[in-house]
There are 2 protein chains.
Amino acid sequence: MKQLLKDHITKTVSLTDEEFDYFFSHFKPQSFKKGQTIISVGDKVDCEYFVISGCVKAFYINDDIKMYILQFAMPTWWTSDYAALYNQTKATINIDCISDVELLCLSNADREKLCAEFHQIEHFFRWRTNKGYVASQKRLLSFMNNNVKTRYEELLALYPQLYNLVPKHLIAAYLGVSRETLSRLYNS
Amino acid sequence: MKQLLKDHITKTVSLTDEEFDYFFSHFKPQSFKKGQTIISVGDKVDCEYFVISGCVKAFYINDDIKMYILQFAMPTWWTSDYAALYNQTKATINIDCISDVELLCLSNADREKLCAEFHQIEHFFRWRTNKGYVASQKRLLSFMNNNVKTRYEELLALYPQLYNLVPKHLIAAYLGVSRETLSRLYNS
DNA sequence: ATCCGAATGTGATCTACATCACGTAAGCAA
DNA sequence: TTGCTTACGTGATGTAGATCACATTCGGAT
């Protein structure tokens, strides 16, 4: 668990063992069972999460009780309601567990403290969000430009493990399409 | 011009006058006329741009020659092909000028140098990308959840100045809708 | 003023996808 | 086993928005 985070961080920045140990000491391990909720709409959000094992979904539910999935987070991915976390507002999305899950939890206050204390850590988090921003722009463009079939193929090409890991109706909710349409689509 | 950037930066971090002057010395002012191109698909991208005056659009053109606008950038906004800039790859989007435009140009190398030299500057750029990431996620969600009319009203509520500044067919290209549909929409 | 191209409006038709309805199969607890 | 819930398949029908075609209006250049 410690090693997974260390490998992840040191792909981007180099920390001494002491620095990493100090960094790591701010993370709180948490375990969840399949189906459990990590963040609910309306919650106060003060942590972000680094996924160690399992898979969570971050999703929005609209007034018609339709679900849209913003992110599947798998091992070495970070997740939270970042709008709520950064702006200190209530959660507008939910995060729950698709499988049994182990997480490392880092509070907003601790992240900011660590960023202020270690330039390298600030650098890491800048780099991480840069990646996220670029990925998000790319997904937006795919949404505008591509039909459902193309988006489905793109998704499976990028994350083949999702095919077995995640029920099809959740894939549909990620693609922003009805489960019926998705079903018809790959049976042809 | 210098003051606009200074006010923008100091909303997030505090720099001494000397620090800011040093920071500012890495920016190169550039002027463009309406219709001119700043970045074309296939270009080597090594700068990002801080908009001083005017408005640019960052857009993608697909094989059917349909245009999708990723961003309108107005004064105090930053723009570039960030995927290309961060990964040192060729541009996959275009950026051109909707009006006469003044920019401050900052190279990727200089940004990284400044970030490494000044912790506060790294902090600023982390904060900036955080904002961008959250906004991008929000737009993605709106795309999945809302119909064109709602997205149009959302856009004008957020950026009322766009209504007069930008031709309607570009608004349509931002919303990911045909200009005909948009026209019918607000004439009712 | 005159010209020309860009921007916009509007009808007719087409289509990708949603929605509704109903079915079957698989997992899981009592 | 039974019963229940969740996942998934598939037909019939509805609809938001795309596409095509053509008219009109506006703004800039000469």
Side-chain angles (χ1 to χ4, degrees), chain A residues 33-37 55 57 59-69 72 94 96-100 140-156 162-188, chain B residues 32-37 54-55 57 59-69 72 94 96-101 141-156 162-188:
Chain A
K33 290 285 169 197
K34 177 176 176 172
Q36 279 193 294
T37 298
C55 182
K57 63 177 194 281
F59 61 103
Y60 175 78
I61 302 232
N62 74 3
D63 298 339
D64 303 336
I65 320 184
K66 273 177 59 170
M67 174 176 64
Y68 297 101
I69 294 180
F72 294 115
N94 308 276
D96 69 22
C97 301
I98 293 178
S99 63
D100 290 357
L140 187 62
L141 198 53
S142 179
F143 238 95
M144 296 202 270
N145 189 33
N146 298 135
N147 62 17
V148 177
K149 183 166 192 183
T150 307
R151 298 209 304 277
Y152 178 64
E153 287 161 357
E154 240 175 41
L155 179 65
L156 289 190
L162 283 182
Y163 188 84
N164 298 311
L165 197 60
V166 172
K168 306 263 180 274
H169 72 275
L170 294 185
I171 304 272
Y174 182 92
L175 296 174
V177 78
S178 72
R179 58 167 199 83
E180 294 94 330
T181 297
L182 184 64
S183 166
R184 280 182 250 270
L185 215 132
Y186 57 66
N187 295 335
S188 62
Chain B
F32 292 90
K33 290 286 170 195
K34 177 175 176 173
Q36 280 192 293
T37 298
C55 182
K57 63 178 195 283
F59 61 102
Y60 175 77
I61 302 233
N62 75 2
D63 298 340
D64 303 336
I65 320 187
K66 274 178 57 172
M67 174 176 65
Y68 297 101
I69 293 181
F72 293 115
N94 308 275
D96 69 21
C97 301
I98 294 178
S99 62
D100 290 357
V101 165
L141 198 52
S142 179
F143 236 95
M144 294 201 272
N145 188 33
N146 299 135
N147 62 17
V148 177
K149 184 167 190 181
T150 307
R151 298 208 305 278
Y152 178 63
E153 286 161 357
E154 239 176 41
L155 179 65
L156 289 191
L162 283 181
Y163 189 83
N164 298 310
L165 197 60
V166 172
K168 307 264 181 274
H169 73 274
L170 295 185
I171 304 273
Y174 182 92
L175 296 174
V177 77
S178 72
R179 57 169 199 83
E180 293 95 330
T181 297
L182 184 64
S183 166
R184 282 183 249 269
L185 216 131
Y186 56 67
N187 296 334
S188 62

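Proteins come first, then strands; the chains are lettered A, B, ... in the order of their sequence lines, and each starts at number 1.
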Query raised in the report: B/Thr181 side chain N/O closer than 4.0 Å to the phosphate oxygens (OP1, OP2) of D/dG17?
Result: no

Query raised in the report: For B/Asp64 and B/Lys34, take the nucleotide of DNA chain D holding the closest heavy atom to each; which residue's nucleotide lies nearer the 5' end?
Result: B/Asp64

Requested in this report: Would you classify A/Gly35 as touching base, sugar-phosphate or nothing, given that sugar-phosphate means primed atoms plus P, OP1 and OP2, and contacts are heavy atoms under 4.0 Å?
Outcome: nothing

Query raised in the report: Is A/Lys66 touching bases, backbone alone, or none of the nucleic acid, heavy atoms closer than 4.0 Å?
Result: sugar-phosphate

Query raised in the report: The side chain of B/Arg179 lies closest to which of these nucleotides: C/dC17, C/dT8, C/dA21?
Result: C/dT8

Round to the nearest Å and state the distance from [X] atom [atom1] to [N] atom [atom2].
{"X": "A/Leu182", "N": "C/dA16", "atom1": "CG", "atom2": "C1'", "answer": "14 Å"}
{"X": "B/Tyr186", "N": "C/dT8", "atom1": "OH", "atom2": "P", "answer": "6 Å"}
{"X": "A/Leu185", "N": "C/dC17", "atom1": "CG", "atom2": "P", "answer": "7 Å"}
{"X": "B/Asn145", "N": "C/dA18", "atom1": "CG", "atom2": "P", "answer": "13 Å"}
{"X": "A/Met144", "N": "D/dG17", "atom1": "CE", "atom2": "C1'", "answer": "16 Å"}
{"X": "A/Lys149", "N": "C/dA16", "atom1": "NZ", "atom2": "C1'", "answer": "13 Å"}
{"X": "A/His169", "N": "C/dA25", "atom1": "NE2", "atom2": "P", "answer": "20 Å"}
{"X": "B/Asn187", "N": "D/dA23", "atom1": "CG", "atom2": "P", "answer": "20 Å"}

Using side-chain heavy atoms (C-beta onward) and a distance below 4.5 Å, is [X] in contact with [Y]?
{"X": "A/Lys168", "Y": "A/Tyr186", "answer": "yes"}
{"X": "A/Tyr152", "Y": "A/Val177", "answer": "no"}
{"X": "A/Ile98", "Y": "A/Leu165", "answer": "no"}
{"X": "A/Ile171", "Y": "A/Tyr163", "answer": "no"}
{"X": "A/Tyr174", "Y": "A/Lys57", "answer": "no"}

Query raised in the report: Quick one: does B/Glu180 reach the base of D/dC20 with a side-chain donor-acceptor pair under 3.5 Å?
Result: yes

Report task. Could you pick out which residue, B/Lys168 or B/Arg184, lies toward the 5' side of DNA chain C when each is mapped onto its nearest nucleotide? Result -> B/Lys168

